[in-house]
Amino acid sequence: MNQTENGELKLPTFSEVCDAWHGVAQNAQTFNRLVNTDADIAQTPKELIWTLNKAKLYRYTPVVPEEERHGIPLLLVFAIMNRPHVLDLRPGHSFVEYMLEKGYDLYLLDWGAPGPEDKNLKFDDYALEYLPRVVRKLKSVSGANEFSMLGWCLGALICTIYASLRPDDGLRNLILLTAPLDFSDKKSSGFSRWTSDPSFKPESIVEAFGNVPGEMIDSGAKMLKPVENYLGTYTMLWDNIEDPSRTTAWHAMNTWVRDTIPMAGAAYQQLINEFYKENKLIEGTLKIRGEHVDLSRLTASLFNVIAEGDHITPPCQSEGVMDLVGSQDKELFHVRGGHIGIMAGRGAEKKTWPHLDEWLASRSELAGDG
Amino acid sequence: MGDSKETFNPFDPTGMLKGMRDSNMDAWAKMMGELVHTDAYAESTGKMLDAWLSSSAPFRKVMEKSMSQALANLNLPSLNDISGLNERLTNIEMRLDDLDAKLDLFLSKIK
């Protein structure tokens with residue numbers, strides 16, 4: 001409220017009050033548009049080079065001349081219950097764009113949205129049917145015999161399984177981002193606590209729905225921080241509604257969050273029972289298509305990125321793997337931020353991406369390139 | 001979050017709500033965060049979900065059965081038929097993928 005020079009209260013005029021309400025009405029319209037419409041995300045040009053069932057492999061159009069590019073191509077593998085667009089959120093704030101500018105030959109595996117007919121897909125299929133074929137195609141297109149792989153969340157789990165089972169496929173560098181691998185501490189996260197309760201039966205969910213609905217997975221993730229996710233995000237938007245840079249960023253992120261996809265029923269059941277409840281990967285008892293997954297066979301250079309404020313995959317779920325892998329060249333890297341924020345948040349281009357590039361660039365030259 | 005130190009303006013239509021929110025939300029978020037991370041919450045949501053799924057299962061089965069019957073009477077494929085077809089198509093895709101890879105290898109050798 002305004003005050004005059006001698007400290008007296010100056011009541012707003014009728015016109016000023018009307019203007020204030022008009023401003024609120026305009027902001028409400030903007031708010032409604034941002035919450036209920038989709039922004040243009042994943043805009044970086046790419047070419048579809050391979051498909052299998054719902055999975056697609058893309059190659060991003062390089063922006064750096066071939067002679068200046070790194071010799072070792074990089075494959076991005078995101079989780080199976082979200083779209084991978086978060087890696088290429090919006091022009092000017094995209095990890096894909098950043099890595100292309102740094103001279104990487106970049107490939108993206110999009111697992112696609114499973115239909116009811118895909119309810120029997122398991123981690124076995126993702127790690128030993130799809131991923132080896134993707135790698136074969138990538139090598140054929142790039143002409144390189146070696147490659148790097150970046151796995152995020154459940155994508156990191158699949159990459160870890162694959163890297164342990166197929167150490168001779170040419171994987172030189174493995175980057176794990178917020179990788180849920182070690183479930184020994186049942187109280188470490190909301191998910192661990194919820195799924196370890198005997199009354200939680202993934203079989204019943206799968207029997208009822210076939211695939212686990214995207215909305216159900218989304219609600220589960222949001223319930224880990226209910227006030228922040230159901231209220232805080234919208235109050236933050238309202239507070240910044242007149243700041244185009246903040247609203248553009250919020251709109252892009254909300255578009256990605258809203259675009260939920262189901263998770264294949266068998267994979268979900270396997271995730272809860274064999275990983276969350278029985279911790280088979282770390283216990284050394286995991287078998288994928290009858291093959292024993294031995295982490296000591298993972299020998300690629302390893303960069304394991306931990307989000308310190310991650311409430312979905314708490315640091316303890318990712319750290320334990322460092323002592324079990326066979327890699328000689330391995331590094332644990334902590335970043336301040338949350339599960340998604342470390343890669344897609346406002347500070348990602350300063351606190352995360354340059355470190356990934358720095359680590360990978362020195363390991364991405366072909367032998368003999370000097 | 002907005003700047004809670006802003007001077008309170010009663011003529012700002014959203015000012016009052018904002019003040020209330022800023023003073024309570026952090027505490028509320030902390031309380032809810034702690035609540036959902038308790039064993040009691042895990043047990044109660046697990047039981048509720050289980051009860052809902054178990055009680056709706058008989059109805060779901062009746063629906064599925066009558067739907068399959070209706071589709072069969074209309075000579076239309078059921079979900080199982082489509083799933084089987086998808087499996088066969090995926091197998092064919094995999095064989096084509098293998099052939100494609102062999103062709104790539106062959107072409108790279110004769111170049």
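First the proteins, then the strands, lettered A, B, ... as listed; each starts at 1. Only a predicted model underlies this, so the values are computations on that prediction, with no experimental measurement involved. Heavy atoms only: backbone and side chains are in, while hydrogens, waters and symmetry mates are out.
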Is the number of heavy atoms from other residues, nucleotides or ligands under 6.0 Å of [X] [atom1] greater than 12?
X: A:E242; atom1: CD; value: no
X: A:R346; atom1: CZ; value: no
X: B:D98; atom1: CG; value: yes
X: A:K56; atom1: NZ; value: no

What's the separation between atom [atom1] in [X] and atom [atom2] in [Y], rounded to the nearest 0.5 Å?
X: A:E117; Y: B:N80; atom1: CD; atom2: CG; value: 11.5 Å
X: B:E87; Y: A:D118; atom1: CD; atom2: CG; value: 10.0 Å
X: B:N86; Y: A:K119; atom1: CG; atom2: NZ; value: 12.0 Å
X: B:D97; Y: A:Y130; atom1: CG; atom2: OH; value: 11.0 Å

Note to self: As an exercise: rank B:E43, B:K47, B:M31 by heavy-atom pairs under 4.5 Å with chain A and give me the winner.
What the structure shows: B:E43
Margin query: Please rank B:I82, B:L89, B:T38 by heavy-atom pairs under 4.5 Å with chain A and give me the top one.
Written below: B:T38
Just wondering, do [Y] and [X] contact through their side chains at under 4.5 Å, heavy atoms?
X: A:L52; Y: B:T90; result: yes
X: A:D197; Y: B:D39; result: no
X: B:L49; Y: A:M216; result: yes

Could you look at [X] and say if it's the side chain, the backbone, both or neither that has a heavy atom under 4.5 Å from chain A?
X: B:D50; value: side chain
X: B:S54; value: neither
X: B:M48; value: neither
X: B:T45; value: neither

Heavy-atom proximity to chain B below 4.5 Å, by part of [X]:
X: A:K54; result: side chain
X: A:L237; result: neither
X: A:K225; result: neither
X: A:S204; result: both
X: A:T51; result: both

Identify the two heavy atoms, one from [X] and one from [Y], that lie closest to each other, and give their separation to 0.1 Å.
X: B:S83; Y: A:P116; answer: OG-O, 4.3 Å
X: B:M25; Y: A:L231; answer: SD-CD2, 3.8 Å
X: A:R133; Y: B:M94; answer: NH1-O, 3.2 Å
X: A:A208; Y: B:L53; answer: CB-CD2, 3.7 Å
X: A:P226; Y: B:M32; answer: CG-CB, 3.8 Å

Notebook entry, point to check: Are the side chain of A:W194 and the backbone of B:Y41 linked by a donor-acceptor contact shorter than 3.5 Å?
Noted result: no
Checklist line | A:R193 side-chain N/O to B:A42 backbone N/O, donor-acceptor pair under 3.5 Å | finding: no
Notebook entry, point to check: Do any of residues 70-77 of chain B have a heavy atom less than 4.5 Å from a heavy atom of chain A, and if so, which, in residue order?
Noted result: none
Item checked: Contacts with chain A made by residues 55-69 of chain B (heavy-atom distance under 4.5 Å), listed by residue number -> B:R60, B:K61
Next item on the list: Check the pair A:W50 / B:D100 against side chain to side chain contact (heavy atoms under 4.5 Å, CB included), numbers first and verdict last.
Entry: CA-CA 10 Å; A:W50 174 92; B:D100 186 44; 5.7 Å; no
Note to self: Name the residue from A:R136, A:K139, A:K137 that meets the side chain to side chain contact (heavy atoms under 4.5 Å, CB included) definition with B:D104.
What the structure shows: A:K137
